There are 2 protein chains.
Amino acid sequence: MSEAEPSAAAPLVGLAAAILAATLDEPRVLTVPVAGQPAGRGEGLPAGPLEPAHPTLERGLRAWVERQTGQTLGYVEQLYTFGDRNRRKGGKGDEDRHALSVAYLALVREARPAADATWQSWYRYFPYEDRRAGRPPCLDALMARLDGWAGAATDPEESRRRSDRIGLTFGAAGSGWNEERVLERYELLFEAGLVPEAGAADDVAGHAMAFDHRRMLATALGRLRGKIKYRPVVFELMPPTFTLGQLQRVVEALSGVLLHKQNFRRLVAQQGLVEETEAVTAETGGRPARLMRFRREVLLERPAPGLRLPSGRAG
Amino acid sequence: MSEAEPSAAAPLVGLAAAILAATLDEPRVLTVPVAGQPAGRGEGLPAGPLEPAHPTLERGLRAWVERQTGQTLGYVEQLYTFGDRNRRKGGKGDEDRHALSVAYLALVREARPAADATWQSWYRYFPYEDRRAGRPPCLDALMARLDGWAGAATDPEESRRRSDRIGLTFGAAGSGWNEERVLERYELLFEAGLVPEAGAADDVAGHAMAFDHRRMLATALGRLRGKIKYRPVVFELMPPTFTLGQLQRVVEALSGVLLHKQNFRRLVAQQGLVEETEAVTAETGGRPARLMRFRREVLLERPAPGLRLPSGRAG
DNA sequence: CGAAATATGCTCAGAGTGAGCATTTACCCG
DNA sequence: CGGGTAAATGCTCACTCTGAGCATATTTCG
C-alpha cells in the first residue's frame, strides 16, 4: 500500500513563516515585498521552497527567513499545511502540480528591521480584531456587508445558516466575542467576497497580502491567542525584565481585548509565572513599577502554565 | 522572493490518516497491513501519496482511505506535517528527496472492518496511556528504563534535564498525569531508545507501527484528548442516541482516566450538550437509563462546548 | 501644591468544582 | 418472592476561582 512510486508531477512544497513580535502597544508581523502580485497585495510573509539541501522543514524555514530578513528565529512552531485548490499553480506547465505550503509561527523578541523586510501591525491586516478601544468602527460597515451576503443567498435555509455563522464567529447575541476565532472570521469574509484576495475592491476587511499569506497570518494569530492561555509563550515576546503593566499591555495587544488590571496581576502572581527582581523602573509614568522576570521553573511545576484571559474589560 | 523554480528533486508528499472510533470500552484505530517493514512493524495507518488527480489534500486522503479500507470518513482534521530527517528516503535514487507526510485525524461512528483493514485498540500501541484501571503495571518497567537513560547521560546537567523531562511528561512529583501529552511521552521514549522504531528489542513501550505512523497516532490521540474538552467531538464517535453512562465510558476510554460519575452527568447536563429522548434502555445492567441525543444547537450557543474533564478519579 | 497616571493591596459575592451520601429501579439468584 | 447487586439519579457541602470594585501609595507635570 501507500508508498507508491513518485508521481511524474511531484508537488511543489513551500515554507512560510508568520514571525510575530510586540512592541509595547502594537503587535507586529514581519513582512517582505513580493513581486508580481496584483495591486495592493505586494506584501507577504517570508517564504521559500523546500530544498533538498534543507535537513528538515524547520531548518529550511529558518534558512529562508534569515536569507530574506536577517532575522534569527527563536521559538518556532508548525501551524498548518495549506494545499487546497486555489493554491494550485495556474501557469506554464504547472497545471497538474499541487502547490503546498507549510506555514509556521515564530515568536521573536526584538523588532529590528533588516534588508527590505518591514514590521507591520497585525491590525493593518485585521482591523476588526482590535477591540482594545471598544468595538472597532470598521465593524459596522463589515457587518452590514455580511448581512447583505447572508440575505443574498437564494435558498432561505442557506441564508439562515449564513446568519448563524456570522453571529457565531463575530459574536452576536448570546455568545460574545471570541478572540481566538481569527481564522474563522477571515474565512467567512473570504467566502463572502469581502477581502481583496477574494475579489473585493476595497480594504474594509483589512489590507491584503500576497498569495494566501493572510490566511496563514490569521491562523498564526488565532493559535497565538489561544496558546498564551496555557503556555507561557508571551515571554518569548518580552524583554528579559519587564513590569506587570508592560506584560499586561502586550497580552492585551496580542489578544485585542482589555483586561482588568488587578485581576491580571493576581493571576500572574499566584501562578508563579514571574518573580520580582531588585530593580524598579520609573519610566512608566506614575508610581515606579517593580521589574519582573519570567520564572522558567514554572515549566516543571504546573501542567499548563499560561494566562487564562477572562472575558475581558478595562480597568 | 519565495516562489522559485521547482527544484530538480521535488519532495514526495504522502497523506496518512489516524481513523479513530470507540466501542463501549475500547478506543480503536483503523490499521492496514504494510509490506516490506521490519518484523513487528507490519501494521500502519491508511496512507498514500498525494496525486495530481486529487483536488485537495483532504479529498486525496479520503480517496486513499476508501480505497484501502472501504471506510467513508466523516469528521476530518489536519494534524501535522511530518518531514524530518528520518523520513527521508534512503534507497535507490531518492537520496536527496524529502519525504513529507501530511497526517490527519478522522473520527468515525461505526467499527465495521473492511478489506484487510482491522480495528485495534489504541492501547495496543500505547499501553501506558490507559490509566482507567489505575497506574498500569507496565509503567514500572518503563520508568525504570527511563531512569536508566537519564542516568546514562555523560553530562550531569543533561542527566538532570532528562529527569525533569521524564517527571514532566509522565507526571511525577508535583504535577500529575496529563493525559494530553501523548506525543511528548512517545517522543521521550523514542529518544530514550525504548521503542522498536528507535531500535528497542522489545515492546515494553507498546507495539510498533510502520514508518513513523505511531508518532502520527500519538499526535492524533493527544489532539483528540485535548479537543473533547472544548469541542463536542465525542459525539462523532457516539451512536445517535446513548445513555449518559455510555457517554462517560467512551470519554473515559478516550482520555484513559476515570471520572466521577455524578459530576460528569451534572457537567453534561448543565452545559446543554445533550437532551433527553422519550426512550430508555434496560441494557445497561441496573436501573434503566434514559437515552439522550446530542443537541446540535449548542454549537450556536456556547463558544467552547466540550467536556472539560477534571483531574479524574472513579465513582 | 493639586491633578493625573500608575502601581499595589484587599474585599466580597457568585459561579464552578471535587467528593460523597442517599434513593430509585432494574435484574439475578436461591 | 425477598435480598443482593448494579446502575442511574438527586442533592449537599466545603472550597477555589473569577469578575468587579474600593482604597492607598508614589511619581511626574503644570
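Chain A is the first sequence line, chain B the second, and so forth, proteins listed ahead of strands; every chain is numbered from 1. Treat the numbers as computed from the prediction; the structure is a model and nothing was measured.
Of the charged side-chain nitrogens involved, at least one lies within less than 4.0 Å of a carboxylate oxygen, so that A/E77 and A/K227 count as a salt-bridged pair. A salt bridge links A/E26 with A/R132; the closest basic N to acidic carboxylate O contact falls under 4.0 Å. Of the charged side-chain nitrogens involved, none lies within less than 4.0 Å of a carboxylate oxygen, so that A/R223 and A/E180 do not count as a salt-bridged pair. With respect to A/E179 and A/R131, no salt bridge is recorded, no charged nitrogen being found less than 4.0 Å from a carboxylate O. Taking a cutoff of 4.0 Å between a charged side-chain nitrogen and a carboxylate oxygen, B/R165 and B/E187 do not qualify as a salt bridge. Using a 4.0 Å cut-off between a side-chain N of Lys or Arg and a carboxylate O of Asp or Glu, B/R225 and B/E129 qualify as a salt bridge.
Between A/L267 atom CG and C/dT8 atom P there is a gap of 16 Å when expressed in whole angstrom units. Atoms CZ (B/R249) and C1' (D/dA6) sit 11 Å apart, rounded to a whole Å. In this structure, the NE2 atom of B/H260 is 11 Å from the C1' atom of C/dT17, given to the nearest Å. If you take CD of B/Q271 and P of C/dG16, they are 9 Å apart, rounded to a whole angstrom. Protein atom CD of A/Q246 is 12 Å distant from nucleotide atom P of C/dT6, rounded to whole Å. Between A/F264 atom CZ and C/dT8 atom P the separation is 13 Å, expressed in whole Å. Summarising the geometry, the separation between CD on A/Q248 and P on C/dA7 is reported as 8 Å, rounded to the nearest angstrom.
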Would B/T31 and B/T118 satisfy side chain to side chain donor-acceptor pair (under 3.5 Å), going step by step from the backbone distance to the final call? CA-CA 5 Å; B/T31 65; B/T118 57; 3.1 Å; yes
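Taking A/F235 as the reference, A/F242, A/F294 meet the ring-ring contact (aromatic ring centres under 6.0 Å, His included) condition, with sequence neighbours excluded.
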Which atoms of nucleotides 9-13 of chain D (N or O only) lie under 3.5 Å from a protein N or O atom, and what are those distances?
| from | atom 1 | to | atom 2 | distance (Å) |
| --- | --- | --- | --- | --- |
| D/dT9 | OP1 | B/R290 | N | 2.8 |
| D/dT9 | OP2 | B/R265 | NH1 | 3.3 |
| D/dT9 | OP2 | B/R265 | NH2 | 2.6 |
| D/dG10 | O6 | B/Q262 | NE2 | 3.4 |

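Direction change of the helix axis from one end of the helix from C/dC1-D/dG30 to C/dG30-D/dC1 to the other is 0°, with five pairs defining each end axis (rounded to 10°).
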